[in-house]
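A quick write-up on the structure given underneath.
Bear in mind the structure is a predicted one, so any value in this text is a computation, not a measurement. Values below: all heavy atoms of this structure, side chains included; hydrogens, waters and symmetry mates excluded.
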Amino acid sequence: MNTRAHIIVLLLLVAVGLEAQQWRPVGPDGGDVRSFAYDPHDPDRIFLGTSAGRLYLSGDGGTTWFRFAHLGTSSSMVLDNIVIDPDNSKIMYVAAWSVDSSTTGDMFRTRNGGRSWDTVADLHGKSIRALAIAPSNPRVLVAGALDGVFRSRDGGDTWERISPEHHAEIKNVESIAIDPVNPDVVYAGTWHLPWKTEDGGKTWNNIKKGVIEDSDVFSIIIDPEHPAVVFASACSGIYKSENGGEQFRKIQGIPFSARRTRVLQMDFIDHNIIYAGTTEGLWKTTDSGATWKRMTGPGVVVNDVLADPRNSSRVLLATDRGGVLASDDGAVTFTASNRGFSHRQVASVIADRGDSSVIYAGLLNDKEFGGMFVSRDAGLNWQQMSDGLDGRDIFVLRQADGGAVIAGTNRGLFRLAPGAGHWTPINTIEAVRTKPVGGPGSKLTMTARTLTQFNGRISGLYLGGEKWYATTSSGLISSSDHGRMWHEENTVSARDLIGVSAMDETVVVAGRHSLYVSSDDGKTWQTSRLSDSISMVNAVTLDHEGNIWIAAREGAFRSADHGQSWDYAGALPLSDVTAIEYDAEGHRLLATGATSTSVFESPDGRNWRRSDSGWLLRDLHPVNGRLMGASAFDGVVVEPDTTDGFRQVSRTDNN
């Protein structure tokens, strides 16, 4: 075995050892990538940062990836900057800011190659948007945050503010660059023009000559052989200075529509080669900015560029939605390189009734690369099957008795017939209106039937053999002909419906603050009163005994009398229950929460068993005795085989 292969095997063994007790991710591969960094001692070891606090690692130059670390206590950390100590690659720094609160964030550090991480106390809570390590002294680091510029001279142990506190202009720092020779020379790009200090922050100069006013400076790079040559990218274009920022000139050649340049990267071997990652593709110059050529299509949003320091032909792109794109010909052509990496928002996942190795996954927030993906080999490979969805989000997937897959989207319902490659809309609603005719006292009425096309959001689906139900943004609709024609259930008047469940002739429909129950398959409906303890409903299900289960912020609740009275499921140690469903295959209830990676299961609703999935889950689906989940940010994950010894369960019994 050669050295590289041996390293890869060791890395994979470490990954298996770290996550053997957790569920296995299976894709779909790809998604959003925010940042790259390579190990200076082994450039084939590449780290990848996401917008959900995940770090991934590749040991083979970006061909395959595995989950390396989760930084922070939530899934809201955007990892835009990864820095590795050039003298000791076990020391790493990751700067982050929070999606939930963009004014907060953290600096994470490891001294042992990622086995453990700590947060830097001096920068705790700061929204850090930029980070650089001094090429001439790796003990010096400079961070750019929303409230200024900070420096460490002891490897990140302590930090000091080097920009004036409460300065009107040196704030909202988006980019940092340190002179390759003198660590006291620092460039800072803000949301309003660039700044420079030559004395470690004692004094600052606005270096805006030649730069259009109100330019967000996203990236600054310095030629390591000629430090007076500085490039800066902004929302108004790319600028070049040949005198250390005293005067900039705007580089021509990139059209205005693509000038939101998020990152600049200089080739390590030929400094005349510079890559510009924009919101409309990758651009490349081979003559230090005199001319430019677009190397990708305009639909590629580039967040970071990694050029191999040993080989100018090898280039990796960190993109929105498309994941990692790799080139071995100097960016002339790119192919997806996402094996093992999945940063996808999956809302619903199901396995085919006739062949459990066929998996369907419905995605959110991904118009071009989203929709539905299908795997025909239990998640090893995936194919996008979104033709006809026109960029719609999929909130719920179900399979009908005949094998057709039905998708509930943000704009209507769609059907994928067995063997078909194109989705067809099934949104025709027949509205029946009766009005009196004739003069006063007349008993004559006229019935008018009109056909309309539904285009609202679908939140829940139940596909029975005789009748289908869909909860929508405008109420409940039903179909008695497998979706060819839908009818409004006007007696269910709520407009905030979130789900539907049925068992035999009992149908239950829930809104955020309402509940409707039918005991005769939808012929008549009654409004049920929710428990006063429930502030908001997240999900509803019926178990095999006809009990109604509600998932709510306050926990789980059960009603054995069609919602007339409620019992709190205090034996379930989970708050903010987001999903609860009955698994008819395993004869058990399943529950998950908004902030917990645990999965709880119970045969009777009184005794609950906990297992840790390692992922935040949106949807669960049993497949041959194992569970498959749709994760909030990391694609589809699968429960380990319960016979392989990997699963650890802690039991909570309450009678």
Atom of [X], atom of [Y] and distance for their closest heavy-atom approach:
| X | Y | result |
| --- | --- | --- |
| Y582 | H587 | OH-CA, 3.4 Å |
| G403 | P418 | C-CG, 3.7 Å |
| P298 | R294 | CB-NH1, 3.6 Å |
| S613 | T597 | OG-O, 2.7 Å |
| I458 | G408 | CB-CA, 3.6 Å |

Main-chain N/O of [Y] paired to [X] side chain as donor or acceptor, under 3.5 Å:
| X | Y | result |
| --- | --- | --- |
| D619 | G629 | no |
| S342 | P28 | yes |
| S631 | V636 | no |
| N81 | A95 | no |
| Q399 | R353 | yes |
| N338 | G322 | yes |
| S357 | A378 | no |
| S219 | L264 | yes |

(message) Given L461, which partner from the list L397, V500, V396, T471 fulfils the side-chain contact (heavy atoms from CB on, under 4.5 Å) test?
(response)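 Exactly one option meets the side-chain contact (heavy atoms from CB on, under 4.5 Å) with L461, and it is V396.
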
Does the side chain of [Y] come within less than 4.5 Å of [X]'s, by heavy atoms?
| X | Y | result |
| --- | --- | --- |
| V637 | P25 | yes |
| W468 | R398 | no |
| V99 | V78 | yes |
| V301 | R262 | yes |
| L589 | W549 | yes |
| M485 | I426 | no |
| N427 | N455 | no |
| R344 | W382 | no |

(request) Could you point out which residue of R54, R24, R618 forms a salt bridge (charged side-chain N to carboxylate O under 4.0 Å, His left out) with D634? (result)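 When salt bridge (charged side-chain N to carboxylate O under 4.0 Å, His left out) is applied between D634 and each of R54, R24, R618, only R54 qualifies.
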
(request) Tell me, with the steps shown, if W117 and V94 meet side chain to side chain contact (heavy atoms under 4.5 Å, CB included). (result) CA-CA 10 Å; W117 294 80; V94 180; 3.9 Å; yes

(request) In sequence, state the C-alpha distance, the side-chain angles, and the governing distance for D387 and H422, and then conclude on side-chain hydrogen bond (donor to acceptor under 3.5 Å, both in side chains). (result) CA-CA 5 Å; D387 187 26; H422 183 87; 2.9 Å; yes

(message) Parallel, tilted or perpendicular: which one describes the rings of Y38 and F268, with boundaries at 30° and 60°?
(response)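 The rings of Y38 and F268 stand perpendicular, inter-plane angle above 60°.
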
(request) Please work out whether the ring planes of F68 and F47 are parallel, tilted or perpendicular, with thresholds of 30° and 60°. (result)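 Aromatic pair F68/F47 classed perpendicular.
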
Can you measure from [atom1] ([X]) to [atom2] ([Y]) and round to the nearest 0.5 angstrom?
| X | Y | atom1 | atom2 | answer |
| --- | --- | --- | --- | --- |
| R339 | W65 | CZ | CH2 | 14.5 Å |
| N303 | R34 | CG | CZ | 5.0 Å |
| L627 | W23 | CG | CH2 | 4.5 Å |
| W486 | E430 | CH2 | CD | 14.0 Å |

(message) More than 12 heavy atoms of other residues, nucleotides or ligands under 6.0 Å from CD of E466: yes or no?
(response)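 Not more than 12 within 6.0 Å, no.
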
(message) R610 vs D612, test: salt bridge (Lys or Arg N to Asp or Glu O under 4.0 Å). Steps then yes/no.
(response) CA-CA 7 Å; R610 180 207 306 259; D612 184 24; over 6 Å; no

(message) Could you work out, with ring-ring contact (aromatic ring centres under 6.0 Å, His included) as the rule, every residue matching Y56, not counting sequence neighbours?
(response)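 ring-ring contact (aromatic ring centres under 6.0 Å, His included) check on Y56 returns F341.
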
(request) Go through the steps to decide whether T541 and D543 satisfy the test side-chain hydrogen bond (donor to acceptor under 3.5 Å, both in side chains), and finish with yes or no. (result) CA-CA 7 Å; T541 195; D543 66 19; over 6 Å; no

If you measure from the Lys or Arg side-chain nitrogens to the Asp or Glu carboxylate oxygens, is any gap between [X] and [Y] under 4.0 Å?
| X | Y | value |
| --- | --- | --- |
| K284 | D267 | no |
| R392 | D390 | yes |
| R626 | E639 | no |

(request) List the steps, then state whether side chain to side chain contact (heavy atoms under 4.5 Å, CB included) holds for I498 with R512. (result) CA-CA 7 Å; I498 52 91; R512 291 296 182 191; 3.3 Å; yes

(message) side-chain hydrogen bond (donor to acceptor under 3.5 Å, both in side chains), that's the test. Do H487 and S480 meet it? Break it down for me.
(response) CA-CA 9 Å; H487 301 272; S480 299; over 6 Å; no

(request) Just do the side chain to side chain contact (heavy atoms under 4.5 Å, CB included) check on F218 and T261 with the steps written out, would you? (result) CA-CA 7 Å; F218 300 113; T261 304; 5.5 Å; no

(request) May I have the step-by-step check of salt bridge (Lys or Arg N to Asp or Glu O under 4.0 Å) for D308 and R314, ending in yes or no? (result) CA-CA 6 Å; D308 192 314; R314 179 70 172 173; 5.5 Å; no

(request) With side-chain hydrogen bond (donor to acceptor under 3.5 Å, both in side chains) as the test, would you mind laying out the steps for S356 and N624 before giving the verdict? (result) CA-CA 8 Å; S356 60; N624 296 332; 2.8 Å; yes

(request) Begin from the C-alpha positions of L574 and S596 and carry the test side chain to side chain contact (heavy atoms under 4.5 Å, CB included) through to its verdict. (result) CA-CA 8 Å; L574 182 65; S596 172; 3.8 Å; yes

